[in-house]
Amino acid sequence: MAIDNKVRVRFAPSPTGQLHIGNVRTALFNWLFARQKGGAFILRIEDTDVERSEARYETQLLEDLTWLGLDWDEGPDVGGPYPPYRQSDKMAEYQAYGDRLLKENKAYYCFCTAEELESDRQKALAEQRQPVYSGKCRTLDADEVARRRAAGEAPAIRLKTPEHPIRFHDIVRGNVEFPHEVIGDQIIIRSSGMPIYNYVVVIDDADMKISHVIRGDDHISNTPKQVAVYEQLGLPVPEFAHLSTILGPDRERLSKRHGATSVANFREMGVLPEALMNYLALLGWAPTGGDRELFPKDELIKEFSLERVTPSPAVFDTEKLNWLNRHYIKQSPPEKIREMGKGFLQQAGLLPPTLDASVVAWADKLIDLLAPYVDRLDQLPEKAGIIFKHDPRAALAVPENAEAFAGDKGKAVVEAFAQRASVSPLTPEQFKAAMNEVKTEAGVKGKDLFHPVRIALIGSHSGPDFDRLIPLIEEGSALKLPVHVKSVRERAQDFLAALGSK
RNA sequence: GGCGCUAUCGUCUAGGGGUUAGGACGUGAGAUUCUCAAUCUUAAAACCCGGGUUCGAUUCCCGGUAGCGCUACCA
């Protein structure tokens, strides 16, 4: 139960790699809960694994959370009333609690070697028993302990697990109970003096007055071990909420081989933070009624509830994320999308590293034109191919394009069009007039008229409206860009040449 | 092996002792457009299996099965 009435939750990642999508979802649920209840969202860095922890990952962690739109009230960078917020800075305290447990006879020294322990475990496994610690060192007398320590043997410290079923309440799963026999007396401090995770979290959560522990369900089997620590330490047990796992399409735990799995990946792909947040919120949670999908941040905070979190694992669905992202691209202020879009086009080498005013104006128009066609902003450079790439031969190699030129009509249309498109730049009005003339001259209309021209200009019979396309092409052709944009005239001529030589 | 968690359309999910089992993504069809995207309309698509309780179970209980997790001097 909560220490006082104030909701205090924490997100406690290890800085051992990129922030994984499953972890961000955990962070998000913690954050939503805190914001809704007017509580505190605390960031704590779990870096007791010195070997794997790296400072740069910690920095990136903070950046990724910020990018998503999550802010924290206490943390290693901003401080707070219960420091330190980095486990590596608390070693002395973990040690002190260990001494206390020893003194109160709630923990004991264990001299068993790794080999002994391993063979015990193998034996248990072979006999189809639960492999738990035998409790061998539990009854060692004080003299022997003193003698062996004096002789230089380095013992680990084990917690005496209370001898009754261990139960706890989980908001998403109800009451959970484990027999104490399956837990055994766990090591809380290694012989090296380094404390163990299941012990450290308890102290940290208690120190920081955490009221609700919201985390992944891979911790559910750890929870009774932690509850045992709370009990022996005489500390109040918080409320728990274990979130289900996020799976890949093959129903296996989402991992790198499924593609993008880190927040950084999604950011680089041009997924908007709003879209990712909205999507993640819907993975394992649904609003009352379950019939609403679009949730901006504020609505999410208003509607979210831990009671409505689903206990079953969820498959990550990129298609739905794409759909949401498309939605948020269209919702966003155009300036924002233009700004981001230019970055992607520069990265692809389609725009120069520094942009002058005329290029900016043109690029903005280009992005306005293409953005409705993409799921993610990183698809912009490819879509921009209709402007930057003009390859008549490749276009004609596409079967459905070739079809449009199977008879003579298609060619006649393009020829008639080329004659009239010789002015540069061609205005949309002139284009329209030209098309009307072509229509009468070639005696075709509708698709037969538009398809050949579109194929000649952008290599496909489908694409954006000519009204917007023509000015973009013409203006682009007048700019100095890393990749030359051919004018309408150039395109028509080149295409005709390719058609003729076929 | 033991222990634990989970189980509704392909996917995310709503629902709950009697329902035409609802919504969304995706898919199919149609409308619109020169075309594509978008948009709108529409269709197909689900209660894991077996027992029990009950007048009646997809819903409650038990078992099975499957998936996942934990089973460390990792976190």
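Only this structure's heavy atoms are used, side chains among them; waters, hydrogens and symmetry mates stay out. Letters go in sequence order (proteins before strands), and every chain restarts at 1. The structure displayed is predicted, hence computed values, not measured ones.
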Asker: Rounded to whole angstroms, how far apart are CD1 on A/I203 and P on B/A75?
Answerer: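 My rounded result for the distance is 13 Å.
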Asker: Just by distance, no angles: are the side chains of A/N198 and A/Q226 close enough, under 3.5 Å, to form a donor-acceptor pair?
Answerer: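 Per modelled atom types, A/N198 and A/Q226 side chains form a pair under 3.5 Å.
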Asker: Could you please name the option among B/U6, B/G23, B/G1 that lies closest to any side-chain atom of A/K320?
Answerer: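 Looking only at side-chain atoms, A/K320 lies closest to B/G23.
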Asker: Heavy atoms only, 4.0 Å cut-off, all strands: where does A/R292 land among base, sugar-phosphate and nothing?
Answerer: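 No contact.
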Asker: Say we look at B/U33 and B/A21: how far apart would their C1' atoms be, to the nearest angstrom?
Answerer: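 Those two atoms are separated by 38 Å.
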Asker: A/F29 and A/F304: aromatic ring centres closer than 6.0 Å?
Answerer: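 Ring centroids of A/F29 and A/F304 are less than 6.0 Å from each other.
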Asker: Considering every strand and a 4.0 Å limit on heavy-atom distances, what is the contact class for A/R308: base, sugar-phosphate, or nothing?
Answerer: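 It contacts sugar-phosphate atoms only.
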Asker: I'd like to know whether the aromatic ring centres of A/Y279 and A/W323 sit less than 6.0 Å apart in this structure.
Answerer: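 No - the distance between ring centres of A/Y279 and A/W323 does not fall below the 6.0 Å cut-off.
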Asker: Counting side-chain heavy atoms from C-beta on, which of B/C5, B/U71, B/C12 comes nearest to A/I220?
Answerer: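 Side chain of A/I220 sits closest to B/C5.
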Asker: Nearest of B/C74, B/C25, B/U71 to any side-chain atom of A/D317?
Answerer: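 Of the candidates, B/C25 comes closest.
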Asker: Checking base pairs now: Watson-Crick or wobble, both atom distances under 3.5 Å. What partners B/G18?
Answerer: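 WC or wobble partner is B/C55.
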Asker: Once you apply the 3.5 Å cut-off to both distances, tell me the Watson-Crick or G-U wobble partner of B/U41, or none.
Answerer: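 Check on B/U41: paired to B/A29, both distances under 3.5 Å.
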Asker: Go ahead and name the base partner of B/A46; Watson-Crick or wobble counts if both distances stay under 3.5 Å, otherwise write none.
Answerer: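 B/A46 is unpaired by these criteria.
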Asker: How many whole angstroms separate atom CD of A/E303 from atom P of B/A14?
Answerer: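 A/E303 atom CD is separated from B/A14 atom P by 14 Å.
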Asker: Rounding to the closest angstrom, what is the interatomic distance between B/A75 and B/C60 at atom P?
Answerer: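 One P to the other, the span is 39 Å.
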Asker: Of the options A/N325, A/L272, A/L321, which is the one that meets A/F266 in a side-chain contact (heavy atoms from CB on, under 4.5 Å)?
Answerer: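 Among A/N325, A/L272, A/L321, the one meeting side-chain contact (heavy atoms from CB on, under 4.5 Å) with A/F266 is A/L321.
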Asker: Rounded to whole Å, please give me the gap between CG in A/L247 and P in B/U6.
Answerer: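 From A/L247 CG to B/U6 P: 15 Å.
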Asker: Contact class for A/E293 (heavy atom, under 4.0 Å): base, sugar-phosphate, or nothing?
Answerer: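 The residue A/E293 makes base contact.
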Asker: Counting only distance, no hydrogens or angles, is the base of B/C73 paired donor-acceptor with the side chain of A/S191 under 3.5 Å?
Answerer: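 Such a pair is found, so the answer is yes.
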Asker: So, does the side chain of A/R454 form a donor-acceptor pair with the base of B/C34 at under 3.5 Å?
Answerer: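 Such a pair exists between side chain and base.
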Asker: With a 6.0 Å cut-off (strictly less than), is the heavy-atom count around CD of A/E403, excluding the residue itself, greater than 12?
Answerer: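 Atom CD in A/E403 is not packed in, count stays at 12 or less.
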Asker: Could you verify whether a donor N or O on one side chain and an acceptor N or O on the other, from A/R173 and A/H242, lie under 3.5 Å apart?
Answerer: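 Not at all, the side chains of A/R173 and A/H242 share no donor-acceptor pair under 3.5 Å.
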Asker: What I want to check is whether an N or O donor and acceptor connect the side chain of A/D291 with the base of B/A24 at under 3.5 Å.
Answerer: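 Not at all, since no donor on one side and acceptor on the other fall under 3.5 Å apart.
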Asker: If you measure from the P atom in B/A38 to the same atom in B/C70, how many Å do you get, rounded?
Answerer: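 It works out to 40 Å between them.
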Asker: Under 4.0 Å, counting only non-hydrogen atoms across every strand here, what does A/G284 touch: a base, just sugar-phosphate, or nothing?
Answerer: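 The residue A/G284 makes sugar-phosphate contact but no base contact.
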Asker: Pick the P atom in B/G23 and in B/A44, then give their distance to the nearest Å.
Answerer: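 After rounding to an integer number of Å, I get 12 Å for this pair.
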Asker: Picking from B/U13, B/A75, B/G26, which would you name as closest to the side chain of A/E46?
Answerer: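 The answer is B/A75.
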Asker: How would you label the contact of A/E252 with the nucleic acid (heavy atoms, under 4.0 Å): base, sugar-phosphate, or nothing?
Answerer: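 Here A/E252 touches the backbone only, sparing every base.
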Asker: Mind checking the P distance from B/A7 to B/U13? Whole angstroms is fine.
Answerer: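 Those two atoms are separated by 11 Å.
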Asker: With rounding to the closest Å, how many angstrom separate the P atoms on B/A57 and B/G50?
Answerer: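 Those two atoms are separated by 13 Å.
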Asker: At under 4.0 Å, does any side-chain N or O of A/R253 touch on OP1 or OP2 of B/G69?
Answerer: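 Result: yes.
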Asker: Taking atom P of B/G4 as reference, at what distance in whole Å does atom CZ of A/R173 sit?
Answerer: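 Whole-Å distance recorded here is 14 Å.
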Asker: How is A/S244 classified with respect to the nucleic acid when contacts are heavy atoms under 4.0 Å: base, sugar-phosphate, or nothing?
Answerer: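 Result for A/S244 = nothing.
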Asker: What is the distance, rounded to the nearest whole Å, between atom CH2 of A/W323 and atom C1' of B/U39?
Answerer: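 Atom CH2 in A/W323 sits about 13 Å away from atom C1' in B/U39.
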Asker: B/A75 C1' sits how many Å from A/I188 CD1, rounded?
Answerer: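 Atom-to-atom, A/I188 to B/A75, this comes out as 17 Å.
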Asker: With the side chain of A/T310 defined as its heavy atoms from C-beta on, choose the nearest nucleotide among B/G1, B/U13, B/G4.
Answerer: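 Among the listed nucleotides, the one closest to the side chain of A/T310 is B/U13.
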Asker: Identify the nucleotide, in any strand shown, that forms a Watson-Crick or G-U wobble pair with B/U11, with both distances under 3.5 Å; if there is none, say none.
Answerer: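 Across any shown strand, B/U11 pairs with B/A24.
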Asker: If the plane angle is over 60° it's perpendicular, under 30° parallel, otherwise tilted; pick one for A/H461 and A/H451.
Answerer: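 Ring orientation of A/H461 relative to A/H451: parallel.
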Asker: Tell which nucleotide pairs with B/C34, taking only Watson-Crick or G-U wobble pairs whose two distances are both under 3.5 angstrom.
Answerer: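 No nucleotide pairs with B/C34.
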Asker: When only distance counts, do a donor and an acceptor, one from the side chain of A/Y279 and one from the base of B/C12, lie under 3.5 Å apart?
Answerer: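 For A/Y279, whose side chain was compared with the base of B/C12, there is no donor-acceptor pair (under 3.5 Å).
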Asker: Quick check on the 6.0 Å ring-centre criterion: do A/F33 and A/H212 meet it?
Answerer: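 Ring centroids of A/F33 and A/H212 are less than 6.0 Å from each other.
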Asker: In this structure, how many angstroms lie between the P atom of B/A72 and the CG atom of A/N222, rounded?
Answerer: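 Those two atoms, CG and P, are 11 Å apart.
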Asker: How is A/K225 classified with respect to the nucleic acid when contacts are heavy atoms under 4.0 Å: base, sugar-phosphate, or nothing?
Answerer: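 Answer is sugar-phosphate: A/K225 comes under 4.0 Å of backbone atoms only.
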Asker: By nearest atom, which of the nucleotides B/C74, B/A38, B/G2 is closest to the A/I196 side chain?
Answerer: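 Of all the options, the side chain of A/I196 is nearest to B/C74.
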Asker: Would you measure the distance from the C1' atom in B/U8 across to the matching atom in B/A46 and give it in whole Å?
Answerer: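 6 Å, rounded to whole Å.
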Asker: Could you work out the separation of B/U6 and B/A14 based on their P atoms and round it to a whole Å?
Answerer: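 Comparing P positions in B/U6 and B/A14 gives a spacing of 14 Å.
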Asker: Identify the nucleotide, in any strand shown, that forms a Watson-Crick or G-U wobble pair with B/C5, with both distances under 3.5 Å; if there is none, say none.
Answerer: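 Pairing partner: B/G67.
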